[in-house]
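The structure under discussion appears below in the form of structure tokens.
Count residues from 1 along the sequence.
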Amino acid sequence: MSNISRWALGGLVAAFGVLLLGIFAIYFVFFSGPDVEQAARNSSNSHRVEIGMNRHQVLSIMGPPKRTEPRLQQPGTVYVYATSSLASHEIAVAMGPDSLVATVYHGY
């Protein structure tokens with residue numbers, strides 16, 4: 001085998017190694033790990049939250065939120081939860097001024 005052939009073969013092996021490493025990195029970030037598992041639980045649990053539930057019921061189903069925000073155009077609070085990194089929006093539970101669930105956004 002000539003030196004050029006060995007060099008080309010070595011380059012292909014190196015490129016394949018880099019490609020494989022990239023695939024594993026993408027898999028880990030998007031499809032495994034504790035953050036992904038938590039996001040899956042949040043998504044599943046958000047479908048159990050119903051309009052009219054009180055704050056205690058929501059927190060017992062969803063757990064503590066990632067953050068809270070004031071509602072934009074109405075009085076109340078929004079509990080924001082992490083969702084899949086592939087989702088376009090976060091999961092949000094909007095609480096009205098009476099501390100009851102007004103709306104649930106499932107983070108699609």
Side-chain angles (χ1 to χ4, degrees):
M1 194 183 293
S2 71
N3 286 338
I4 294 176
S5 298
R6 288 182 192 173
W7 181 79
L9 183 61
L12 285 175
V13 169
F16 180 74
V18 169
L19 178 65
L20 194 58
L21 184 62
I23 289 170
F24 283 128
I26 289 170
Y27 175 80
F28 181 77
V29 168
F30 291 109
F31 302 107
S32 70
D35 292 339
V36 174
E37 292 171 8
Q38 181 63 50
R41 278 192 301 275
N42 289 344
S43 180
S44 176
N45 288 342
S46 73
H47 292 281
R48 296 175 42 211
V49 175
E50 298 176 5
I51 293 175
M53 286 185 164
N54 65 36
R55 178 183 182 277
H56 176 72
Q57 291 170 310
V58 171
L59 294 177
S60 69
I61 292 171
M62 295 296 296
K66 180 170 78 172
R67 68 178 186 276
T68 60
E69 300 175 350
R71 287 183 75 185
L72 293 178
Q73 307 225 343
Q74 300 167 343
T77 303
V78 178
Y79 298 143
V80 180
Y81 294 89
T83 190
S84 165
S85 56
L86 299 175
S88 60
H89 295 86
E90 295 172 303
I91 294 168
V93 179
M95 307 296 286
D98 54 2
S99 294
L100 299 177
V101 175
T103 309
V104 180
Y105 301 97
H106 298 286
Y108 299 117

Can you give me the closest heavy-atom contact between Gly96 and Ala102, atom names plus distance?
N-CB, 4.2 Å
Can you list every pair that meets salt bridge (charged side-chain N to carboxylate O under 4.0 Å, His left out) and has a residue in residues 88-100, with sequence neighbours left out?
Lys66-Glu90, Arg67-Glu90
For His89, all residues meeting ring pair (Phe, Tyr, Trp, His ring centres under 6.0 Å), sequence neighbours excluded:
none
State, to 0.1 Å, how close Ala39 and Ser84 come at their nearest heavy-atom pair, and which atoms those are.
CB-N, 3.5 Å
Determine, stepwise, if the pair Met95 / Val101 fulfils side-chain contact (heavy atoms from CB on, under 4.5 Å).
CA-CA 4 Å; Met95 307 296 286; Val101 175; 3.7 Å; yes
Quick check: is Phe24 connected to Phe16 through a chain of hydrophobic side chains (ILVMFWY, heavy atoms under 4.5 Å apart)?
yes
Shared hydrophobic cluster, Ile61 / Val104 (ILVMFWY, side-chain heavy atoms < 4.5 Å)
yes
When Ile, Leu, Val, Met, Phe, Trp and Tyr are grouped by side-chain heavy atoms lying under 4.5 Å apart, directly or through other members, which residues fall in the same group as Val78?
Val80
With Gln38 via side chain to side chain donor-acceptor pair (under 3.5 Å) - residues at least two apart
Arg41, Asn42
Leu19: which other cluster members, linking ILVMFWY side chains closer than 4.5 Å, directly or transitively?
Ile23
Can you tell if the side chain of Asn54 reaches within under 4.5 Å of the side chain of Ser99, non-hydrogen atoms only?
no
Do Ile91 and Val49 belong to the same hydrophobic cluster, where Ile, Leu, Val, Met, Phe, Trp and Tyr are linked whenever their side-chain heavy atoms lie under 4.5 Å apart, directly or via other members?
yes
Show, in sequence, the C-alpha distance, side-chain angles and deciding distance for Val93 and Ser46, and conclude whether the side-chain contact (heavy atoms from CB on, under 4.5 Å) test is met.
CA-CA 8 Å; Val93 179; Ser46 73; 5.9 Å; no
Taking every non-hydrogen atom, the tightest pair across Pro64 and Leu59:
CA-CD2, 4.5 Å
For residues 55-64, which residue pairs pass the salt bridge (charged side-chain N to carboxylate O under 4.0 Å, His left out) check, not counting sequence neighbours?
none
